[in-house]
Number of protein chains: 2
Amino acid sequence: MKSPTRNRRAEILDAAAALFAARGFHGVSIEDIGAAVGVSGPALYRHFSGKEALLTEMLLGISERLREQGARLATTADPDTAEAALDALLAGHIEFALRHPALIRVQERELDNVPEQARRAIRRLQRLYAEEWVAVLAELHPDCPQARLRAAAHAVFGLLNSTPHSAGELSPEAMAGLLHTMARAALCRIG
Amino acid sequence: MKSPTRNRRAEILDAAAALFAARGFHGVSIEDIGAAVGVSGPALYRHFSGKEALLTEMLLGISERLREQGARLATTADPDTAEAALDALLAGHIEFALRHPALIRVQERELDNVPEQARRAIRRLQRLYAEEWVAVLAELHPDCPQARLRAAAHAVFGLLNSTPHSAGELSPEAMAGLLHTMARAALCRIG
DNA sequence: GGAGTCAGTTAACGATGACTAACATTCGAG
DNA sequence: CTCGAATGTTAGTCATCGTTAACTGACTCC
């Protein structure tokens with residue numbers, strides 16, 4: 001069978017994401033992760049070469065997914081209407097953040113625990129994603145310097161990624177609407 | 001001498017904050033912290049009862065400081081003009097975040113590593129601080145349900161606390177102005 | 001000038017945790 | 001039926017780390 005392997009790997013990544021989000025990379029042991037998927041301890045080494053490799057694959061996956069999504073959404077439909085592109089980027093990011101709060105948290109917190117080389121790759125993907133946003137924002141605010149646009153984009157990421165902190169008082173739909181409205185308003189005033 | 005003691009404690013707290021912000025609580029050893037202030041290893045036990053106690057005191061200090069600042073700023077001057085109170089809260093939070101990015105980072109990331117009892121105290125202080133914001137927002141948006149206001153407040157915290165991520169491309173003044181403008185705009189549209 | 005406290009040192013202990021080794025089981029392919 | 005790959009297991013190693021113990025010098029106070 002080939003699929004069990006794939007499933008086991010994904011299972012481990014999911015469980016590890018939840019644990020890392022809750023207690024941090026160094027606060028979770030290999031044994032903990034194994035226990036979370038019903039095997040114990042060193043069985044994980046059949047699927048990953050080590051704890052760092054696990055985190056690395058996780059962060060690369062997230063960054064790659066966001067970048068791909070960003071590249072796809074930023075260039076849809078009317079290239080004229082940067083407004084529509086911005087809305088698409090917002091909706092995409094919000095849906096991801098609401099659907100995978102643990103991944104958002106890990107991506108925000110654990111980048112330093114990944115080995116140097118992979119860290120550079122991850123940062124590159126994150127930069128490419130941010131640049132999609134900056135490109136769209138530059139169309140909306142042609143006179144605004146790039147540095148300011150970058151800072152604004154990161155600020156909006158902070159706003160959108162606040163999801164894990166304020167968990168579950170609002171329905172996901174209401175939360176999505178609120179975040180979209182707030183982010184939209186924040187980005188209109190930066191010129 | 002009494003002041004050397006005080007200074008040493010503060011020195012240790014500062015160094016630990018920087019290290020925790022950079023590598024996370026579990027990623028920093030007692031020896032690391034000692035080395036950062038020029039003493040080595042277990043000397044810290046002359047000033048703190050342990051590693052957790054150090055973190056606890058740090059987080060309690062931050063939360064208490066923000067809560068005090070919030071209580072002071074939210075009730076200044078005209079009780080009529082909620083606008084002014086909101087501006088004061090924004091300015092205060094932004095100044096703190098820009099002046100102490102490491103503390104913001106630690107407060108965001110390390111709450112789970114503090115023992116249960118102290119954690120409750122810290123959360124209580126954070127809740128009180130957030131409620132100052134919600135009270136002001138409620139005056140501006142009388143028809144908006146509390147849950148939505150709370151979520152909006154946390155989202156704005158996320159925006160303002162994005163400072164550590166987008167470090168130093170803009171001058172502190174420009175950054176402060178940008179964050180203030182964006183947060184203001186985001187909070188106008190939530191009704 | 002001795003007594004006591006403050007703030008530091010080095011050495012050791014005990015626990016934890018990442019990782020490895022050696023062995024077991026399942027199961028499909030030839 | 002058997003071989004071998006895939007996927008586990010348990011036991012053990014080695015490093016790291018929080019914490020304690022025992023000891024030392026400096027400074028204050030009677």
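Below, read A as the first sequence line, B as the second, and so on, with proteins coming before strands; counting in each chain starts at 1.
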Do the charged groups of [X] and [Y] touch, with an N to O distance under 4.0 Å?
X: B/R150; Y: B/E131; answer: no
X: A/E108; Y: B/R109; answer: no
X: B/R119; Y: B/D112; answer: no

Rounded to the Å, how far apart are [X] [atom1] and [N] [atom2]?
X: B/E11; N: C/dA7; atom1: CD; atom2: P; value: 13 Å
X: B/F48; N: C/dG8; atom1: CZ; atom2: C1'; value: 16 Å
X: B/E52; N: D/dC17; atom1: CD; atom2: C1'; value: 14 Å

- Are A/T81 and A/E83 linked by a side-chain donor-acceptor pair shorter than 3.5 Å? no
- Message: Under a 3.5 Å cutoff, is there a donor and acceptor pairing between the side chains of A/H100 and A/R65?
- Response: yes
- Quick one: which of D/dA21, C/dT20, D/dT9 gets closest to the side chain of A/P42? C/dT20
- Message: At less than 4.0 Å, is any side-chain N or O atom of B/R46 found next to OP1 or OP2 of C/dT5? Yes or no.
- Response: no
Listed pairs, N/O of protein and of nucleotides 16-18 of chain C, under 3.5 Å:
from	atom 1	to	atom 2	distance (Å)
C/dA18	OP1	A/V28	O	3.3
C/dA18	OP1	A/K51	NZ	2.8
C/dA18	OP2	A/I30	N	2.7

- Message: Applying ring pair (Phe, Tyr, Trp, His ring centres under 6.0 Å), can you list everything that pairs with A/F157, at least two apart in sequence or on another chain?
- Response: A/H93, A/Y129, A/W133, A/H154
